[in-house]
Amino acid sequence: MSIRLYDTAAREKRVFKPQDPKRVTMYVCGPTVYNRAHIGNFRPVMVFDTLFRLLRKTYGAEAVIYARNVTDIEDKIIATSQETGESIEAITRKYAGIYDEDAAAVNALVPTIVPWATEHVGEMVQMIEALERKGYAYATDAGVFFNVPQMEEYGRLSGRKLEDNEAGARVAVDLGKRNPADFALWKFAKPGEPEDAIWDSKWGRGRPGWHIECSAMAAKHLGKTIDIHGGGIDLQFPHHENEIAQSECAHGETMANYWMHNGFLDMAGENMSKSLGNVVLLNELLDDWDGEVIRFAMLSGHYRAPLDWTGDLLEQAKTTLGRVYGALRRVWGIEGGQARDKGVLRALQDDLNTPIALAELSRLAGEANGAVDRKDEAAMADARANLLAAGELLGLLTMTPAEWEQGGDGHDNARIDALVAGRIEARENKDWAEADRIRDVLKAEGIEIMDGAGGATWRRV
RNA sequence: GGCCCUGUGGCGGAGUGGUUACGCAGCGGAUUGCAAAUCCGUGAACACCAGUUCGAUUCUGGUCGGGGCCUCCA
């Protein structure tokens with residue numbers, strides 16, 4: 001069975017065919033590192049990480065090249081530097097580091113390549129020069145701009161005509177542009193801007209425009225035509241449209257064969273944004289929720305649909321994932337099974353249908369529990385293998401069941417074990433009062449005892 | 001104003017021209033010293049109005065609601 005992906009440009013699901021199955025390329029727009037990223041920023045991280053995992057499974061781990069850039073030069077970074085007095089490098093290293101930690105906490109694999117914009121200014125300048133030679137760029141007092149009407153196909157990705165954009169657009173800042181839709185390839189330095197935000201060029205001292213960063217880095221690391229280009233839906237226009245314009249006009253080749261865009265996260269029905277003051281930071285969530293719970297919640301909706309981010313969603317994710325871990329615990333010791341079940345794989349192959357994939361994961365948990373109840377050892381072994389293989393694809397079940405259920409504080413597990421052992425003994429003596437007393441003591445601490453045929457186990461809830 | 005997406009049971013959330021996923025919650029049963037966990041069973045939905053069709057939740061049009069972009073927000 002092949003992978004099908006919804007291509008924003010084609011507006012339909014298409015069978016995915018890489019140019020070269022031995023070198024599958026994916027580029028995803030990464031963060032601008034001037035402050036902490038919020039949970040919405042991590043939706044593409046988790047979505048495209050899941051796609052990365054699916055591609056690795058399909059084509060082999062070595063065959064997939066996934067690049068996610070770091071934008072470390074940009075107006076907001078400069079503004080932050082001017083406000084705090086910190087160097088650009090200090091700011092960008094700090095927030096890129098936090099971003100990496102957060103991404104790791106939700107089990108996102110490290111991309112194959114993480115290019116930083118400031119390390120590719122040379123490539124960007126070359127690309128702008130190429131565009132200038134071909135007549136797509138012109139300079140003004142403010143910078144070098146891309147002449148949008150020069151490109152006939154402009155607007156193909158977003159299905160937008162230039163006239164439509166201009167109709168309701170607000171009055172643009174006059175930068176001497178020939179057309180309202182023209183965008184900056186190179187911005188001249190303004191008086192007072194820090195030296196570490198300025199590069200020399202034939203046009204004058206300044207810095208690259210935002211869009212050219214991705215075009216140049218994608219071309220350098222992945223080639224002129226990449227297989228998959230992803231990012232948030234807000235980037236579809238103008239960012240990705242502009243990337244296409246720059247790359248295709250400079251190279252004369254298709255920039256990407258598949259364009260994928262994830263939907264936004266909503267907070268109580270509203271878009272999460274700093275201006276609304278309703279942002280939730282991932283590292284705040286990590287105080288209360290395990291990274292896997294956050295990932296499960298994120299994947300519980302389809303990546304293209306808006307997802308309402310609520311406490312209930314996280315609560316349900318925790319309960320459901322806990323059920324899966326519980327099933328895994330019951331078959332944990334039974335090794336040697338084979339992962340033949342294709343339910344999760346098939347779901348992901350259909351345009352990354354993670355809600356179905358998670359439903360399949362629950363089904364596998366049910367199969368594991370059923371096998372345990374039937375005392376079918378072979379089925380238990382297979383169920384264990386199936387669960388772990390599914391977890392690998394989804395970036396879940398990376399803990400042992402004991403770590404999941406009993407990890408928590410971790411410091412007094414021995415004391416709890418002793419209490420549970422005492423309860424087992426009391427039950428063997430039919431001392432129900434003592435058995436219930438111990439259960440109540442633990443329950444007050446948030447610990448739940450699960451009696452089984454061969455003894456008892458416990459978990460933090 | 002323009003372009004695009006979207007509206008499913010108490011909640012989250014898939015999918016389909018005709019047999020209504022899955023999870024949480026509910027109900028019944030099994031199991032249990034009693035529970036919890038687990039298993040089995042079960043009630044409950046397709047915004048509204050037309051149209052196409054033998055038949056629409058699924059296709060088309062309209063209405064109402066929600067969202068995105070048109071401003072360097074994932």
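The figures that follow rest on heavy atoms only: side chains count, while hydrogens, waters and symmetry mates do not.
Figure legend: A:Arg384 and A:Trp332 shown as a cation-pi pair, the cationic atom lying under 6.0 angstrom from the six-membered ring centre and within 45 degrees of its axis. Figure legend: A:Arg205 and A:Phe188 shown without cation-pi pairing, the cationic atom not lying both under 6.0 angstrom from the six-membered ring centre and within 45 degrees of its axis. In this structure, A:Arg178 fails the cation-pi test against A:Phe145, since its NZ or CZ atom is not both closer than 6.0 Å to the six-membered ring centre and inside 45 degrees of the ring normal. Judged by a 6.0 Å distance limit and a 45° cone about the ring axis, A:Arg68 is not positioned over the six-membered ring of A:Tyr27.
We find that NE2 of A:His261 is positioned 20 Å from P of B:C3, with the value rounded to whole Å. Put simply, CG on A:Asn69 is 12 Å from C1' on B:A74, counting in whole angstrom units. Between A:Arg346 atom CZ and B:G15 atom P there is a gap of 17 Å when expressed in whole angstrom units. As rounded to whole Å, 14 Å separates atom P of B:G67 from atom CZ of A:Phe264. Atom-to-atom, CD1 of A:Ile356 to P of B:U8 comes out at 17 Å; the value is rounded to the nearest Å. Atoms NZ (A:Lys76) and P (B:U71) sit 15 Å apart, rounded to a whole Å.
The aromatic rings of A:Trp210 and A:His239 sit parallel, their planes meeting at an angle under 30°, below the 60° perpendicular limit. Ring geometry for A:His261 against A:His240 counts as tilted: the plane angle lies between 30° and 60°, on a 0 to 90° scale.
Heavy atoms of A:Ile449 sit under 4.0 angstrom from at least one base atom. Note on A:Asn369: only backbone sugar-phosphate atoms sit closer than 4.0 angstrom, heavy atoms only; bases stay farther off. A:Leu358 comes within 4.0 angstrom of no nucleic acid atom, judged by non-hydrogen atoms across all strands. When heavy atoms are screened at a 4.0 angstrom cut-off, A:Arg459 is found touching the sugar-phosphate backbone but no base atom. In this structure, A:Gly30 reaches neither bases nor backbone, as no heavy-atom distance under 4.0 Å exists between it and the strands shown.
Among the nucleotides B:C24, B:A74, B:A14, the one closest to any side-chain atom of A:Asn353 is B:A14. The side chain of A:Ser362 sits closest to B:C22 out of B:U38, B:A37, B:C22. Closest approach to the A:Glu448 side chain among B:A36, B:C73, B:G23 is made by B:A36 (side chain taken as heavy atoms from C-beta onward).
Comparing B:G9 with B:G1, their P atoms are spaced 30 Å from each other, to the whole Å. Atom C1' of B:G66 sits at a distance of 39 Å from the matching atom of B:G28, rounded to the whole Å.
At B:A74, one or more side-chain N or O atoms of A:Asn41 fall inside 4.0 Å of OP1 or OP2 (strictly under the cut-off).
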For nucleotides 25-34 of chain B, which of its nitrogen or oxygen atoms have a protein nitrogen or oxygen under 3.5 Å away, and what is each distance?
{"unit_1": "B:G33", "atom_1": "O6", "unit_2": "A:Arg423", "atom_2": "NH2", "d": "3.4"}
{"unit_1": "B:G33", "atom_1": "N1", "unit_2": "A:Asp436", "atom_2": "OD1", "d": "2.9"}
{"unit_1": "B:G33", "atom_1": "N2", "unit_2": "A:Asp436", "atom_2": "OD2", "d": "2.7"}
{"unit_1": "B:C34", "atom_1": "O2", "unit_2": "A:Arg439", "atom_2": "NH2", "d": "2.7"}
{"unit_1": "B:C34", "atom_1": "N3", "unit_2": "A:Arg439", "atom_2": "NH1", "d": "2.9"}
{"unit_1": "B:C34", "atom_1": "N3", "unit_2": "A:Arg439", "atom_2": "NH2", "d": "3.4"}

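Between A:Asp72 and A:Glu213 there is no side-chain heavy-atom pair separated by less than 4.5 Å. Side chains of A:Arg460 and A:Trp404 form no contact here, defined as non-hydrogen atoms less than 4.5 Å apart.
Stem analysis of RNA chain B (Watson-Crick or G-U pairs, both distances under 3.5 Å, runs of at least three) returns B:1-7 with B:64-70, B:10-12 with B:22-24, B:26-30 with B:38-42, B:47-51 with B:59-63.
A:Gln316 contributes a side-chain N or O that forms a donor-acceptor pair with the base of B:G23 under 3.5 Å.
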